[in-house]
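The chain is numbered in sequence order, starting from 1.
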Amino acid sequence: MSKWNIASFSKEDQDKVSVDKVAAAVAWQERMNRPVVPELAEREQPEHLRQYFRERLDVHRQNSQQLPRANAPEYHKPGDEQQK
């Protein structure tokens with residue numbers, strides 16, 4: 001199988017991928033000014049992976065600083081100003 005096929009990963013690695021996805025989603029929601037409580041997302045993770053969640057959340061937050069914010073023109077569709 002391909003090294004990119006998550007189904008071929010060990011259960012522990014699959015769990016880490018899932019935790020990383022949640023951390024990325026939290027960072028994205030923060031960047032888009034959407035309501036999110038990182039502590040709740042962390043509590044939903046398996047206890048042995050909570051530290052990993054915090055580490056990945058820090059990485060995603062750092063990466064988010066280089067990306068446009070919610071009010072950036074890249075996210076506005078043509079004609080949005082007329083609808084307001």
Side-chain angles (χ1 to χ4, degrees):
M1 285 193 165
S2 166
K3 67 178 181 176
W4 303 111
N5 185 345
I6 297 170
S8 67
F9 291 7
S10 69
K11 177 69 171 129
E12 179 68 20
D13 286 342
Q14 288 178 13
D15 291 345
K16 282 185 169 185
V17 169
S18 295
V19 168
D20 190 37
K21 285 173 55 177
V22 173
V26 168
W28 180 83
Q29 288 174 319
E30 290 174 343
R31 186 168 59 90
M32 293 293 136
N33 297 324
R34 295 192 177 190
V36 63
V37 181
E39 293 79 16
L40 289 177
E42 180 181 338
R43 277 189 252 147
E44 292 174 358
Q45 305 313 308
E47 191 168 339
H48 69 283
L49 291 175
R50 289 181 185 167
Q51 178 62 34
Y52 180 73
F53 171 83
R54 288 188 294 273
E55 292 168 5
R56 297 306 300 162
L57 182 57
D58 287 342
V59 168
H60 290 296
R61 283 175 172 164
Q62 289 172 1
N63 290 338
S64 287
Q65 293 175 356
Q66 316 222 345
L67 299 170
R69 295 301 214 184
N71 57 356
E74 293 90 337
Y75 296 125
H76 296 288
K77 296 178 186 170
D80 276 352
E81 295 78 29
Q82 296 171 356
Q83 296 174 359
K84 292 182 181 177

A.B. asks: Are Val19 and Phe9 linked, directly or through intermediate hydrophobic residues, by side-chain heavy-atom contacts shorter than 4.5 Å (ILVMFWY only)?
C.D. replies: no
A.B. asks: Out of curiosity, does Val22 fall in the hydrophobic cluster containing Val59 (side-chain heavy atoms, cut-off under 4.5 Å, transitive links)?
C.D. replies: no
A.B. asks: Under a 4.5 Å cut-off applied to non-hydrogen side-chain atoms, are Arg61 and Gln65 in contact?
C.D. replies: no
A.B. asks: Within a strict 4.5 Å, meaning less than it, do heavy atoms of the His60 and Asp20 side chains meet?
C.D. replies: yes
A.B. asks: What is the minimum heavy-atom distance between Tyr75 and Arg31, and which atoms define it?
C.D. replies: OH-NH1, 2.9 Å
A.B. asks: Below 4.5 Å, heavy atoms only, C-beta onward: do Leu57 and Pro38 meet side chain to side chain?
C.D. replies: yes
A.B. asks: Can you find a heavy atom in the side chain of Gln45 that is under 4.5 Å from one in the side chain of Arg54?
C.D. replies: no
A.B. asks: Nearest 0.5 angstrom please: Arg50 CZ to Glu44 CD, how far?
C.D. replies: 9.5 Å
A.B. asks: Might you confirm whether atom CZ of Arg34 has over 12 heavy atoms from other residues, nucleotides or ligands at distances under 6.0 Å?
C.D. replies: no
A.B. asks: Within the supplied structure, the quantity of interest is the number of heavy atoms (other residues, nucleotides, ligands) at a distance under 6.0 Å from Glu74 CD; does it exceed 12?
C.D. replies: yes
A.B. asks: Hey, are the side chains of Pro35 and Gln29 touching, using non-hydrogen atoms and a 4.5 Å cut-off?
C.D. replies: no
A.B. asks: Measuring from atom CG of Leu49 to atom CD of Glu42, what distance do you get when rounded to the nearest 0.5 angstrom?
C.D. replies: 11.0 Å
A.B. asks: Measure from the side-chain N and O atoms of Gln14 to the backbone N and O of Ile6, and report whether any donor-acceptor pair falls under 3.5 Å.
C.D. replies: yes
A.B. asks: I'd like to know if the side chain of Arg56 and the backbone of Ala24 have a donor-acceptor N/O pair within less than 3.5 Å.
C.D. replies: no
